Amino acid sequence: MDILAALNPAQRRAVETLDGPMLILAGPGSGKTRVIAHRIANLVLEGGVPPYRVLAVTFTNKASREMRDRVEGLLGDTVGDITIGTFHSVCARFLRRDGDKLGIDRSFTIYDDDDQIRLIKAVLEANNIEPRQFSPRSVLSVISRAKNELIDASGFAKRSGNYFDEVVARAYRGYEAALAEAHALDFDDLLGQTVNLFRELPDVRQRYADRYLHVLIDEFQDTNLAQYTLARQVASVHGNICVVGDPDQSIYSWRSADIRNITNFERDFPDCQVVLLEENYRSTQTILDVAHAVISEHPGRRRTTRMNTNRGQGSPVVGFEAYDGGEEAAFVIREIRRLQREKGYGFNDFAVMYRTNAQSRAMEEALVEARPRIPYRLVGGTRFYERREVKDILAYLRLVHNPFDSVSLLRVINLPARGIGDRSIEELQRWSRGLGVPAYTGLQLLRDWREGEVSVDSPPSFASRSLAALLGFLDLLNRLIERGAAVSTYELIEEISRATDYRRHLQSSFDDSDERWDNVEELKNVAAQYAELTPDAALGSFLEEIALVSDADTIDNRSDAVTLITLHAAKGLEYANVFMVGLEEGILPHIRSFDSTAQMEEERRLCYVGLTRAREHLFLLRAVRRVRHGMSSANPPSRYWKDIPPTSWISAGARSRSRTSVLAHESMPRSNGGALPAGTIQP
């Protein structure tokens, strides 16, 4: 197989240049995944690099799977020896293997967002910090940013400059202690603790850095300081590091992504080669011209690349100025119907994109009320693994794997109800804290105390019925732990369901119990995929992979439905037809960004990301009046709306003649002498 045959000259250069550092600046739709896959294949086939000495890092499990599939198509079964995964999954693997050298339990639990919020609430309460005054999410956000900047609790305390920082510093110390007690790590710890492992144990860093002869990193513009530090650590021996990114698509600063890492890469690797991928394989030239018109106004943009395509000019980009949000949604529905009728598109060929989740409401209502109804999927709704019944079963599984997981224990200690009230739970926590042990150890000591096997200075104060219920839960948990070492994860879920009579709990608690039980059954189907592993290995792998699932991994395009999605979530995706709604000042760009130059620049890049998701048809919409915060207000068009030259798009005008006077003072000029494409709505 000639793996270079299908590559354009720039892609070929990126694939053929094997040694030394390389920065690939890849515009949207430029085939960067193809380049990374072909570069890996070329390293193995032409460079003679053993597959196990290649590390490829992506940002989502979905991207990792796509990468692995592409490499497998080029190399066959050899792909199994290549380390391909997300930053978090790769770091979790490193810590399972070597984290014990830092005192990290190899069976550590990975806490997701919900777990972290529950834990930080408990920490705030234990420190007499009022959650209503200092919201757990805001405190956790500051802690997360500190971790991503490699600032530990003591370092943060030294930097605190106001009362809020002092509160966060106290919470940070308590949060870290609570994680350690629960034998748990949060997502940020997976990165930060791996950096610590390599810093504190040079021989461990040397072993990994020596093993990986070549390191490849996708979406480099989205890396934070911890990830960039990891990249440098792993590439510290051989210096063969290839990073792929696009500064114009850096939109995750709120996740601590630092666009400066691309600049820093060129500084830290002064001999790096730079390759520009400027040929777009996704969109028509008309769409690319509009996107370029918006992004080229970015005042801090370093490189003025302009994407080109061989897909032809394509259909005109269409702008529509609606009177209000209802008319905006009605236009979307009419155009979906028209394009289906004229072009034969399925519903899954359409996406409606917006800046904030709240904007989906008007579209959802319009789609539901359409006759015939238009099916849709809402990206950003409750994910499968976040559904209550799924998290309940997962909490039991996590306790079987790690009984010191306090968040999971407190979730299910009285679920289904077994006579353990809030007062008993509080007393258990108080007593355990007094002994300096986790709640699970507290339960064990409680049993030994009742049986007279140990004496304590401060006996607990439980009613006999509550004490019996607590020890009954301990007995149940210990039996499940014993079974977990002997049966598959699939069978363990069945045993948990039977032992807790969980289906009856659903039937007595929820009107939609059958649907919730179906979710439990689906969880069993996922667990069945680990049947070939030993019980302990299967349960650990199952829990880890679930914990590392991201929003992007759960987007399912198999069903025929219109996608409703935020611009942030749309990154990396593409659709034949895209409607971008709410192009108004205060919405896009968002009003919260007005006081920050850096945030305003990111809002522009966010708009650019949305524009470049479209393959064939792009519609830009705004409403002259929109209800926000319970009041109807007039909204000026977005500055990005104004940045697009009149020759780059056409206006579909306003639907209602009675409202054209409202729009006249700011309506878009039309190219083509005012002619509209066939089927667009005439003013």
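This structure is a prediction, so every number in the text was calculated from the model and none was measured.
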Check: Taking side chain as C-beta onward, heavy atoms only, is Met67 less than 4.5 Å from Thr33?
Finding: yes
Scanning both residues in full, the closest heavy-atom pair of Asp405 with Leu399 reads O-CD2, 3.5 Å
Q | Arg137 backbone acceptor or donor facing Ser141 side chain under 3.5 Å | A | no
Find out whether Arg97 and Val204 are in side-chain contact, i.e. whether some heavy atom of one side chain is under 4.5 Å from a heavy atom of the other. no
Are Phe187 and Gln116 close enough that some pair of their side-chain heavy atoms sits under 4.5 Å apart? yes
- prompt: Should Leu230 and Val195 count as side-chain neighbours, where that means a heavy-atom distance under 4.5 Å?
  reply: yes
*Give the C-alpha distance, both sets of side-chain angles, the deciding distance and a yes or no for side chain to side chain contact (heavy atoms under 4.5 Å, CB included) between Met22 and Phe269.*
CA-CA 9 Å; Met22 174 176 285; Phe269 297 93; over 6 Å; no
| Does Gln221 reach the main-chain N or O of Asp246 with its side chain, forming a donor-acceptor pair under 3.5 Å? | yes
| Steps toward side chain to side chain contact (heavy atoms under 4.5 Å, CB included) verdict (Ser497, Val520) | CA-CA 9 Å; Ser497 299; Val520 175; 4.2 Å; yes
Do Asn264 and Tyr228 have a side chain donor and acceptor closer than 3.5 Å?
no
With a 4.0 Å cut-off, would you call Asp222 and Lys571 a salt bridge? yes
Taking every heavy atom of Lys32 against every heavy atom of Val244, the minimum-distance pair comes out as CB-CG1, 3.8 Å
To the nearest 0.5 Å, atom OG1 of Thr500 lies from atom CZ of Arg498 at 10.5 Å
Between Pro247 and Ile259, the two heavy atoms sitting closest are O-CD1, 3.5 Å
Of all heavy-atom pairs linking Ala527 and Thr489, the shortest is CB-CG2, 3.8 Å
Checklist entry - Between Asp100 (side chain) and Asp105 (backbone), is there a donor-acceptor pair under 3.5 Å? => result no
Enumerate, atom names and distances included, each donor-acceptor pair closer than 3.5 Å involving a side-chain atom of residues 475-485, sequence neighbours excluded.
from	atom 1	to	atom 2	distance (Å)
Asp475	OD2	Arg479	NE	3.2
Asn478	OD1	Tyr440	OH	2.7
Asn478	ND2	Leu474	O	3.4
Arg483	NE	Glu495	OE1	3.2
Arg483	NE	Glu495	OE2	3.1
Arg483	NH2	Glu495	OE2	2.9

Heavy-atom distance under 4.5 Å between the side chains of Arg516 and Arg387, does that happen here?
-> no
Quiz item: Crowded around Glu521 CD? As in, over 12 foreign heavy atoms under 6.0 Å?
Solution: yes
Requested in this report: Compare all side-chain heavy atoms of Leu140 with those of Tyr175 and state whether any distance is below 4.5 angstrom.
Outcome: yes
Phe542 vs Tyr530 aromatic rings, parallel, tilted or perpendicular, using cut-offs 30° and 60°?
perpendicular
- Please check if the side chain of Gln227 supplies one atom and the backbone of Asn224 the other of a donor-acceptor pair under 3.5 Å. yes
Taken in chain and number order and not counting sequence neighbours, the residues that satisfy salt bridge (charged side-chain N to carboxylate O under 4.0 Å, His left out) with Asp188 are none
Original post:
Does a side-chain N-to-carboxylate-O contact under 4.0 Å join Arg205 and Asp98?
Top reply: no
Rounded to the nearest 0.5 Å, the OG atom of Ser488 sits from the CD atom of Glu532 at a distance of 12.5 Å
Worksheet entry | Check: His38 and Arg70 side chains under 4.5 Å, non-hydrogen atoms | no
### Query
Any side-chain donor paired with an acceptor under 3.5 Å for Glu522 and Asn525?
yes
*asked:* Over 60° means perpendicular and under 30° means parallel, so tell me whether Phe94 and Tyr212 are parallel, tilted or perpendicular.
replied: tilted
message = Would the distance check show the side chain of Asp189 and the main-chain N or O of Asp186 forming a donor-acceptor pair, the cut-off being under 3.5 Å?
response = yes
Problem - Side-chain (Thr223) to main-chain (Phe220) donor-acceptor, under 3.5 angstrom - result: yes
**Q.** Lys121, NZ: over 12 other non-hydrogen atoms inside 6.0 angstrom
**A.** no
A side-chain contact here means heavy atoms from C-beta on lying under 4.5 Å apart; do Asn261 and Val243 qualify? no
Taken to the nearest 0.5 Å, the spacing of Ile117 CD1 from Ser135 OG works out to 8.0 Å
Quick one: does Arg613's side chain have a donor or acceptor within less than 3.5 Å of a partner on Leu573's backbone?
yes
Exercise. State whether Arg159 and Asp165 are salt-bridged, where the test is any N-O pair (Lys NZ or Arg NE/NH1/NH2 against Asp/Glu carboxylate O) under 4.0 Å.
Key: no
- Query: Is it true that atom CZ of Arg260 has more than 12 heavy atoms of other residues, nucleotides or ligands lying nearer than 6.0 Å?
  - Reply: no
Q: Using the six-membered ring wherever Trp is involved, compare the ring planes of Trp254 and Tyr252 and label them parallel, tilted or perpendicular (cut-offs 30° and 60°).
A: perpendicular
In this structure, OG of Ser406 is separated from OH of Tyr111 (nearest 0.5 Å) by 4.0 Å
Judged by atom type as modelled, is there a donor-acceptor pair below 3.5 Å linking the side chain of Asn402 to the main-chain atoms of Ala182? yes
Nearest heavy-atom approach of Val15 to Asn42 is O-ND2, 3.1 Å
Open item on the list: Looking at Asp536, I'd like to know if its CG atom is crowded, meaning that more than 12 non-hydrogen atoms belonging to other residues, nucleotides or ligands lie closer than 6.0 Å.
Closed with: no
Given Glu266 and Leu23, is the side chain to side chain contact (heavy atoms under 4.5 Å, CB included) satisfied, shown in steps? CA-CA 8 Å; Glu266 294 184 84; Leu23 171 62; 3.7 Å; yes
Rounding to 0.5 Å, atoms SG (Cys272) and CD1 (Ile241) come to a distance of 10.5 Å
Is it true that Asp114 and Arg411 make a salt bridge, defined as a side-chain N closer than 4.0 Å to a carboxylate O? yes
What one should report as the nearest heavy-atom pair of Tyr52 and Arg211 is O-NE, 3.1 Å
Side-chain donor-acceptor pair present, Thr58, Ser64, cut-off under 3.5 Å:
yes
Worksheet item: Is Lys147 salt-bridged to Glu176, cutoff N-O under 4.0 Å?
Response: yes
(request) State, without any angle test, whether Asp152 and Ser154 hold a side-chain donor-acceptor pair at a distance under 3.5 Å. (result) yes
One should read off an interatomic distance between Asn519 CG and Leu506 CG, to the nearest 0.5 angstrom, of 9.5 Å
Between Phe87 and Phe59, how do the two ring planes meet: parallel, tilted or perpendicular, split at 30° and 60°? perpendicular
Exercise. For His238 and Asp210, indicate whether the former's side chain and the latter's backbone hold a donor-acceptor pair under 3.5 Å.
Key: yes
For Arg398 and Leu543, indicate whether the former's side chain and the latter's backbone hold a donor-acceptor pair under 3.5 Å. no
